[in-house]
Every structure is written in C-alpha cells, then in structure tokens.
K.L.:
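Below are the structure tokens for one structure; questions will follow.
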Amino acid sequence: MSAEISDSKPTSEPTSAPPASVSIASAADKMNGCDVCAVKCWTKEGCLGSYDWRFLCTPQAPCLKKVDPPMYMGKDEKLPLTLSLSFGLQHMLAMCVGIATSGGMLYANEACWTFRYDSQMCEAQSFLVSCSWLASGLLTIIQVFRMKIRGTPYSIGTGLLSVMGTSFTFLPLGTTMVAAYIENAISMGDKRCIPDQPYKDTDQLVTDCRGVGVEAYGKFLGTAMVASLFEVCVGVLFSYKWVRTKLFPPVVVGMAVLMIGGALISSGVKYFGGGVFCAQNMLSRSASFGSPQICNESGEVMLVYGAAQYWGLGLSVVLMGIFIQMLGSPYLKSTFLFWSMMFGVVVSAIVTYTDDDGEKLVYWTSTRIDNAPVITFFWTEVAFVPGFAIEYFLPLLICSFITTAETIGDVKMTAKFSKITDEAEIIARQQGGVLADGINSIIACLCGSPPNTTFSQNNGIIALTKCASRSAGFAAAGWLIFIGLFGKIGAAMASIPMPIVGGVILQCFTMVFVAGMQILGPLLKVRRNSFIVMVALAFGLGVAMEPQLVSAAGSSSFFGKNLDHNYGLWPRYMVCDEFPTVSQVVTPESCAVGNGKVEIPQKDCSSIGGNYTAAVMEDVEVKDCANKNGKCCKKYNMAADSARTALLLILKTPYGFAVIIALVLNLILPCENEDDEEDGEDEVEAKGGGGVKAIPNSPMKLGGAQVAWEWRRGALCGGFMYVGSWLSRLNVEGACAREVGNHGPGMN
C-alpha cells in the first residue's frame, strides 16, 4: 500500500476562479502513473507474486464454502506481472463486446442492406471493430497515465483505474447519419449510386452507393470532434463550482444515463429478433409489397423478424448469463457478457437451419474472416475524411454534454473505490478525467473510431476484486491494443449472427438504464426532483415509444420519406424552395363542327372537316409526395432544412429531449433544500418530520414546509411586481414582496 503525499491542499473551495492547485499528488503521480509498472518481472515475486486466487476462481455455489475476499490493493500498488495481466484481461473482457458494437460495427451495419447499400462502408465493418479496440486501448493509457500541464493547475487523465471505450451515447445519431445520407443519395439520384450491382458477393443485384456511407461516417466523426470541444472546455472550467452544480446536477446526470439506456434498449430488442432494418419495416413493407422484410444478418439463414430460431440464439446468450450469475466465480461474473456471447457463438456454430427445400443453412459464414488482413492498424484499409454536418452539430453537442455528465459520475465512483476521500482531490481527478475524455474523443475520431468515454461497468470489477491499481488499467489497455492489431479477430466479431449480438447489447443497454435508476433513486425523495424526472420521462420515453409524435415516418424506411415530406411536426415540404412540376390540362383539345364542339384528337377532327383547337397546358407544382420515396423536391432551402433536421433529431432522440427538459427545469424550479441549490451533489436524506433547512431571512411557507428561494428569484419577483397586474393572477404577491424586501432586485 502506498501513502499519499500532499503537495498543496486548498483551504477552501473556489467559487469564482481556479485555485493555484486543485490536486493532491501521490508519490506515483510524480512519474505520471508509470511507477506502478516498475516491477522486476524476471523474479518470482515480480512475475507470480503471492496473491490468493481462490476468491476470484472459486464458484459461488450454495454447497461450496465461501472464500474470503482478497486484501485491498490501492491505485499505486505494484502488481506482479501475472496478476496485472489477469486483472487487465478481466477489465478487457468486460468491455470488449460493448466497444465493438458501439465502435463501428453497428455504424457500418446501416450500410449493409439491399435498400440502403454502400459496399465500401459495409466491407469496413470488421476494420472499424479493430479501430475501436485500438483507439480504446491507446486512450485508456492517456486516462490512466495522468499528465500534469506545466504552469497550470490542470492535468490530463484521472491517474486512476479509469478505462476508456467507445460511447453508446453517439450510436443512434451516428447510425442515423449513415442511413440518412445513403437514402438521400438514392432518392436524389446521386451519381455514386449505381444500379444493378452485386450485393455482398451474391447474385442479387441492388443499387450500390459506394462511398456515400463512408462520407457520412466521416462527417459524423468531424462533427463529433467539434462537439467534443465542449468537454474540453468543461475540463478547463471544472474547478469553478457553478460548472459542477448548475450544468451537471445529479438529477440531470441521472436522467441522461437513464435515457441513454432507455433509448438503446429498443435497438437491443431489434437486434435480438434478427436485425434493426427488418424489425422497423415489418409493417411498412407488408403494406407496400404484401410480405414482411426478411432479416439477412445471420449467415445463410434468412427469416422474418422474431422467428423462433432467432429467439433461440438470443436466449442462449441471456440464459448463459443467468447461469453464470447463479454458480459462476467472481471472475466469471464480472466478465459474464463475454462468456455469454462465446456460448451463443458456440451454439450458432453447432446448429443449422433446414429450409423448405431441405437444404441445410449455417448461421456463420467465413467471408469476412477470409478477407480480413492478419495485422491491421488505423487508416490502413479505409480513410474516413472528417467533415462537418451543421444540421447534426446541436444533437451531437447534446451527446457531448451527456458523456461529460457520465464521466463526472464515473470518475467519482472510481475515486471512491480507490479510497480517495479528500473532496479537493476528487474534484482534481474529475477535472483531469473530463479534460482527457474530451481530448481522447477528438483523437478517437481522427483514428476512425467514434468518441470515447469512461466505462462505468468497470467500477464494479474494482469493487469486486478489491484492486484499484493502475497497473491493471495499463494491462487492460495492452490487451485492447493486442486484439485490435489482429484484423481476423475484428472480422470474427463482425461475423457473429445478429441475434447473439442482440442478446449481448440488450443486456449492455439495460445495464446503462439500471445505472441511471441507481443515480436517480435517492434523489426522488425530494418532490422537486420527482417532478423533474416525471416530466422528462414523459417526453423522453414518449418519443422512444412513438417517434411519429415528432416525425411522421417514425422508424419506417419503405415510403417513410413520403410521410416525412407530407406530415409531422415540421413536414419537409415546408423547407422546399422548388417543387417538381407536372403539365396539367387547363382547356382540353376540341374540334368545332358546325355550331358545336367535340373533344376528339386532331387526326379525327381533320377527317370530318372540323376546326381543331389544341389543348392549353400549364405546369403546376406538386407539393404532395406519393409513391416517390422522398423524390418530391428539386431544391431545398439548405439553412431551413438543416435547422429542421437538427430540431427533429433532438426531439425524437429520447435522451436529447429528456436531458434538455431536466436541465431547464432544474434551473427554473425553486429548490426545497438548501443543499440541493448549494452543491447538488450530496444525497438527499430524509430527516425527522421531513423538515428542511431554510435560507436565513427568506422563509416562505408552502404547506408547512420551509422553501429556500435564492436571490435571483427575488429579482424575478421584482420584475413581476413592476408589471403589477400579473401578481394577483399568479397569487405570489406576498411571496414576491417578501423576496424583494429581503434581497432587492438589484443585488449582486
């Protein structure tokens, strides 16, 4: 165990300017964390050590004797090489599946459908998995390393066992961008969309928009890079108390985490049943063509969404996870997602499906593995050129806000498990973590991987193993880099049948949802927080369940663009500058014979000696979109269309809508507890009689409870008094008068 050495410790917390020093450095910090790796691995003690493995490796069955947990190992503990590699492998196995699915595999999957195909992006699926593992490993080193910025009180990195991985938060928007760009290219007649091209080396012919999805993903990365600067700014300003308490109060952080999980659970269910595209278009394709969309992401087996065979594969993963939690050792329990997935892989490799013709089909194909290189690295296969899509900037900025909130909470928990109790040092660790998170996200995007963030589930491994040593963090980074370098491993991951992936990520996303519940649970004892959560959940989960509330197309692809053009909160025809035209008959053709007229062709009119008059035609704009799949506008107003896209994306993204509501309500609603307003970080505890402490000289009775109103609400009430007539209608005259009398509207 290592002792903490205090270099400088502030006597009070700043409120208006950064302190001269915001951290307490340890002896190992002087080497930026590298000291924990300085072991003599060629000796028995340095290689094997004397660690008691019985606790981690003994199954926890009711009939077996329980083994005492090992002794605690602090963040600066030097671990033997074998122990360090073992703990690092444990962390890697707990996160590698989540990194792969959110790190490019599901992004590229959006370009692999017959109706939305980009062969270049689809072929890059396994490459993106490898890039995400490589980036996560390299960026974990930066986070664990902790580098002090010379001449400033700031640092980059937590100096704790904080592992990095690709963020789930950006996944819905990134996949939406890839899908939307390919669909728009097809509907607008992009020259890169070439018809009658082979689909995935099969005889089926489709329209291949080669390079469109790659361009879209590049614009996603570039826009996310710019949005990540927000996190960098928060890291620089984190020592200011108002940044921590006003922008990231616990109720907003908890709502962000909760709604990320809530939004992604539906995606997990879709993958579980066979795939996202076939799930979303069961009804719309049936209405258009008379049969449902077939899922084609499980090797040679192609069935309808929700088929019993897909259920079987997905349940094999979930049931194996339950079995491990019942009887497995602590080591297996902490990495159950990986072992559950591997069990599902074995099942899918053994079983086959027999079609109506008696042919046996397999759930695995080796095409990706055969085509993948043995060794790979960033930029070697596909170079994603960063771009910028202004219409997606605000939604991605909200994603950056949410990942910042996640990081703040994750680092606080890691500090707790690392037995750091000094508040100033915890804040310093959070500052370094947030700053590193922002910088790492920019680096990740440059490397072709989505933005990174700290992984909260690894805190559970620290609590379980009693090991908070940074040596395990460096080892986890080494394992991630190792598997990322081998392209065949990434290709194997990308070849796993989709229901098995669904069984894994459904549990991943639900774990995120449960983490949000754990944050919000203690806060709901306060009526104000309960109201904020209620309103935010109403709209956040509401748009998750019924996206048609915002966009008429919902999640449908077949003729969904027609609905999006004609209907919804903001129909797209409203931002169209030039509509297509059709010729319409104003006056029909006629033939004058004697004193009468008949409508007959010119040839017939001439044959009877009549006087022919040609029809009068007029070009008329067609604003309604029907049976054209979105090809209903020749030229859009780019500024208005971008604003529309940004607004609708925010409103129909559950965690975007819910977090904005929670943040606004937290700023405008009066606080019932002084502690909520002062720091917003301490858990609200119920005290005898439910009474709360009020700010001196500003009491206001509401149902017998003391409510604390801060001075700026007094200023607001002063404004209402100036209006005058509003006071009687709002019935707050007495309260506002007291506020103005106590504070005055002009207080600083």
Side-chain angles (χ1 to χ4, degrees), residues 113-117 179-197 205-209 212 281 283-291 293 391 548 550-554 556-645 647-648:
W113 288 94
T114 55
F115 295 92
R116 189 172 61 220
Y117 186 53
Y181 269 70
I182 298 175
E183 290 173 355
N184 288 337
I186 295 174
S187 63
M188 300 303 291
D190 193 302
K191 293 181 180 179
R192 291 173 291 180
C193 297
I194 303 174
D196 300 328
Q197 299 298 305
L205 299 180
V206 299
T207 298
D208 183 2
C209 296
V212 175
N281 293 282
L283 296 178
S284 60
R285 193 186 190 282
S286 297
S288 303
F289 299 101
S291 61
Q293 175 63 39
E391 65 271 26
Q548 296 92 334
V550 175
S551 176
S556 300
S557 296
F558 288 96
F559 299 109
K561 289 185 175 297
N562 293 351
L563 295 172
D564 189 52
H565 181 91
N566 296 329
Y567 310 108
L569 179 65
W570 191 351
R572 201 178 186 193
Y573 75 82
M574 297 178 68
V575 297
C576 181
D577 283 343
E578 183 180 349
F579 291 93
T581 59
V582 295
S583 295
Q584 182 174 318
V585 177
V586 177
T587 304
E589 60 183 356
S590 63
C591 180
V593 181
N595 294 327
K597 288 185 179 181
V598 292
E599 295 182 14
I600 58 176
Q602 182 179 6
K603 182 179 179 181
D604 295 338
C605 184
S606 300
S607 64
I608 61 176
N611 187 16
Y612 177 78
T613 302
V616 178
M617 307 294 292
E618 182 180 14
D619 289 338
V620 179
E621 287 187 338
V622 179
K623 296 186 177 182
D624 291 334
C625 201
N627 298 322
K628 295 182 179 180
N629 202 23
K631 300 178 182 179
C632 303
C633 179
K634 296 177 67 176
K635 182 180 179 183
Y636 287 102
N637 184 309
M638 296 307 297
D641 194 37
S642 298
R644 173 188 175 275
T645 302
L647 176 64
L648 295 187

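Treat the numbers as computed from the prediction; the structure is a model and nothing was measured.
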K.L.:
In the structure I gave you, are the side-chain heavy atoms of Asp208 and Tyr117 within less than 4.5 Å of one another anywhere?
P.N.:
yes
K.L.:
Does any part of the side chain of Glu589, heavy atoms only, come nearer than 4.5 Å to the side chain of Gln602, both counted from C-beta?
P.N.:
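A side-chain contact under 4.5 Å is absent here.
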K.L.:
Could you state the interatomic distance from CD (Gln197) to SG (Cys209), rounded to the nearest 0.5 Å?
P.N.:
10.5 Å
K.L.:
Kindly say whether Trp570 contributes a backbone atom to a donor-acceptor pair with the side chain of Arg644 at under 3.5 angstrom?
P.N.:
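Flag set: sc Arg644 to bb Trp570 pair under 3.5 Å.
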K.L.:
For Lys634 and Glu578, run salt bridge (Lys or Arg N to Asp or Glu O under 4.0 Å): C-alpha distance rounded to whole Å, both residues' side-chain angles, the deciding distance at 0.1 Å, then the answer.
P.N.:
CA-CA 5 Å; Lys634 296 177 67 176; Glu578 183 180 349; 3.5 Å; yes
K.L.:
Return the minimal non-hydrogen interatomic distance between Glu391 and Tyr181, and the atom names on each side.
P.N.:
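Closest pair (atom of Glu391, atom of Tyr181, distance): OE2-OH, 3.8 Å.
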K.L.:
Measuring from Tyr567:OH to Gln548:CD, what's the distance to the nearest 0.5 Å?
P.N.:
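Answer for the OH-CD pair, Tyr567 versus Gln548, is 14.5 Å.
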K.L.:
What do you reckon, Cys576 and Cys632 SGs under 2.5 Å?
P.N.:
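With an SG-SG separation of 2.5 Å or more, Cys576 and Cys632 do not form a disulfide.
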K.L.:
Just checking Met617: does its CE atom have more than 12 heavy atoms from other residues, nucleotides or ligands closer to it than 6.0 angstrom?
P.N.:
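Yes, CE of Met617 has more than 12 neighbouring heavy atoms, counting only those of other groups under 6.0 Å.
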K.L.:
Side chains of Thr207 and Pro195: does their closest heavy-atom pair fall under 4.5 Å?
P.N.:
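Side chain of Thr207 against side chain of Pro195, heavy atoms only: contact under 4.5 Å found.
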K.L.:
Under 30°, 30 to 60°, or over 60°: which ring-plane class applies to His565 and Tyr573, parallel, tilted or perpendicular?
P.N.:
tilted
K.L.:
Only one of Thr613, Val598, Asp604 clears side-chain contact (heavy atoms from CB on, under 4.5 Å) with Cys591; which?
P.N.:
Val598
K.L.:
So, do Ile186 and Phe115 sit near enough that their side-chain heavy atoms are less than 4.5 Å apart?
P.N.:
no
K.L.:
So, taking the atom named CD1 in Ile600 and the one named CD1 in Ile608, what distance separates them when rounded to the nearest 0.5 Å?
P.N.:
4.0 Å
K.L.:
Got Trp113 and Gln293 here, is their nearest side-chain heavy-atom distance under 4.5 Å?
P.N.:
yes
